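Right, one structure below, let's go through it.
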Amino acid sequence: MNRSARAFWLRSPGHGELRDVTLAEPAEDEVLVRALYSGVSRGTETLVFRGGVPESQHAAMRAPFQEGDFPGPVKYGYLNVGVVEQGPAALIGRTVFCLYPHQSRYVVPVSAVTAVPERVPAERAVLAGTVETAVNALWDAAPLAGDRIAVVGGGMIGCAVAALLARFPGVRLQLVDADPDRAKTAEALGVDFAAPADALGDCDLVVHASATEAGLTRALQLLAPEGTVVELSWYGDRSVTLPLGEAFHSRRLTVRSSQVGTVSPAARPGRTYADRMALALDLLADPALDALITGESAFEELPHVMPRLASGEIPALCHRVRYPGTGLT
């Protein structure tokens, strides 16, 4: 087999590089995967790229196949789609998703890959980890038919949550973001859009994903009495101040966290990580979700592209990385 590969590493905060890798021969319970595409999760990965993971969260923030440690050198990432080149006969030639960093080939246990349904193109399957987060968030949030709902923050995760909520019957749903360009994304997803000042109030549920103090404050303001904010944002090493005086107690508001590292306890008993990932991939049959992929570059360009993503010079929801031999080069 071809045992050579290349991987993207964060050498130190703000500085990335490609490194050569020599792969081990796969064992009986392992697969060799050749990467087709990977995705940059702009929120979390650019925070890692800037060195913004607090020391207290170094263990909690580890990706499944991370190498190295924060703040660097570290190989980090978790949205990888490839084709199985070696492994069990049933998987040879199959397109699979894996929570693996940006690397051209890799060897992982069979249990670490999920077959991509034939109706889901590999280009879209890089969103599987994002949609998995959205599924877990909705298990935590438990929306009901007819609820009045806002999603505050039109980034990668917020848009994925809004796309899934748009399927709920009878809901009044708005995607709320300070960037007016997010209106086009909302339209593509079939969701109403509003600027923060214009958002409809009296919400039963607000899902917050803007990763800003102002966004979380606005999320609380949009709630009806007894309403709930489900907090999806990751603030890294930043502190957040909230108005928990004013009417917070008299209106009996709730703020609760949701994090994909644990399967929501609200899910049906016995649901596993594999079940959640399989559901996310099945939901990606919807072509509307292509709106979440807003850019693409070649793998070789990643050391130069990542700083531009982190600085906001390249505006992005999910930025897709294309590997050699896949489509245009």
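Given the structure is predicted, the values throughout are model-derived calculations rather than measurements. For this chain, numbers begin at 1 and follow the sequence in order.
With hydrogens and angles left out, the side-chain atoms of Tyr106 and Asn80 include a donor and acceptor closer than 3.5 Å. A donor-acceptor contact closer than 3.5 angstrom links the side chains of Gln86 and Glu25.
Side chain of Glu246 to backbone of Pro243: no donor-acceptor contact under 3.5 angstrom is found. A donor-acceptor pair is defined here as one N or O able to donate and one able to accept, closer than 3.5 Å; no such pair exists between the side chain of Ser210 and the backbone of Val152. A donor-acceptor contact shorter than 3.5 Å links the side chain of Ser311 to the backbone of Arg308.
Listed by first then second residue, pairs satisfying ring-ring contact (aromatic ring centres under 6.0 Å, His included) with a partner in residues 166-213 number zero, not counting sequence neighbours. Within the structure, every pair that satisfies the salt bridge (charged side-chain N to carboxylate O under 4.0 Å, His left out) test and touches residues 220-235, not counting sequence neighbours, is listed here: Glu226-Arg252. Identified under the salt bridge (charged side-chain N to carboxylate O under 4.0 Å, His left out) test for residues 266-275, with sequence neighbours left out: none. For residues 130-157, the salt bridge (charged side-chain N to carboxylate O under 4.0 Å, His left out) pairs, not counting sequence neighbours, are Glu132-Arg276, Asp140-Arg256, Arg148-Asp204. Counting only residues at least two apart or on different chains, the side chain to side chain donor-acceptor pair (under 3.5 Å) pairs with a member in residues 149-178 are Arg167-Asp286. Residue pairs meeting the salt bridge (charged side-chain N to carboxylate O under 4.0 Å, His left out) criterion with at least one partner in residues 185-199, sequence neighbours excluded, are absent.
For the pair Glu300 and Arg6, the salt-bridge criterion is not met [side-chain N within less than 4.0 Å of a carboxylate O].
Considering OG1 of Thr130 and CD1 of Ile157, their distance stands at 4.5 Å, rounded to 0.5 Å. Residue Leu220 holds its CG atom at 11.0 Å from CZ of Arg218, rounded to the nearest 0.5 Å. In this structure, Asp181 CG and Thr294 OG1 are separated by 11.0 Å, a value rounded to the nearest 0.5 Å.
Remark: His15 engages no residue in a ring pair (Phe, Tyr, Trp, His ring centres under 6.0 Å) (not counting sequence neighbours). Among residues two or more places apart in sequence or in another chain, the side-chain hydrogen bond (donor to acceptor under 3.5 Å, both in side chains) test is passed with Arg50 by none. Scored by the ring pair (Phe, Tyr, Trp, His ring centres under 6.0 Å) test, Tyr273 finds no partners at all (sequence neighbours excluded). Residues meeting the side-chain hydrogen bond (donor to acceptor under 3.5 Å, both in side chains) test with Tyr100, sequence neighbours left out: Lys75. Residues meeting the side-chain hydrogen bond (donor to acceptor under 3.5 Å, both in side chains) test with Ser297, sequence neighbours left out: His319. By the side-chain hydrogen bond (donor to acceptor under 3.5 Å, both in side chains) test, Asp290 is found to be paired with Arg124, residues two or more places apart in sequence or in another chain being considered.
Ring orientation note: the planes of His102 and Phe8 are nearly perpendicular, at an angle over 60° on the 30°/60° scale.
No chain of hydrophobic side-chain contacts below 4.5 Å, direct or via other Ile, Leu, Val, Met, Phe, Trp or Tyr residues, connects Met277 to Val33.
The shortest heavy-atom contact between Leu242 and Thr217 is CD2-OG1, 4.0 Å.
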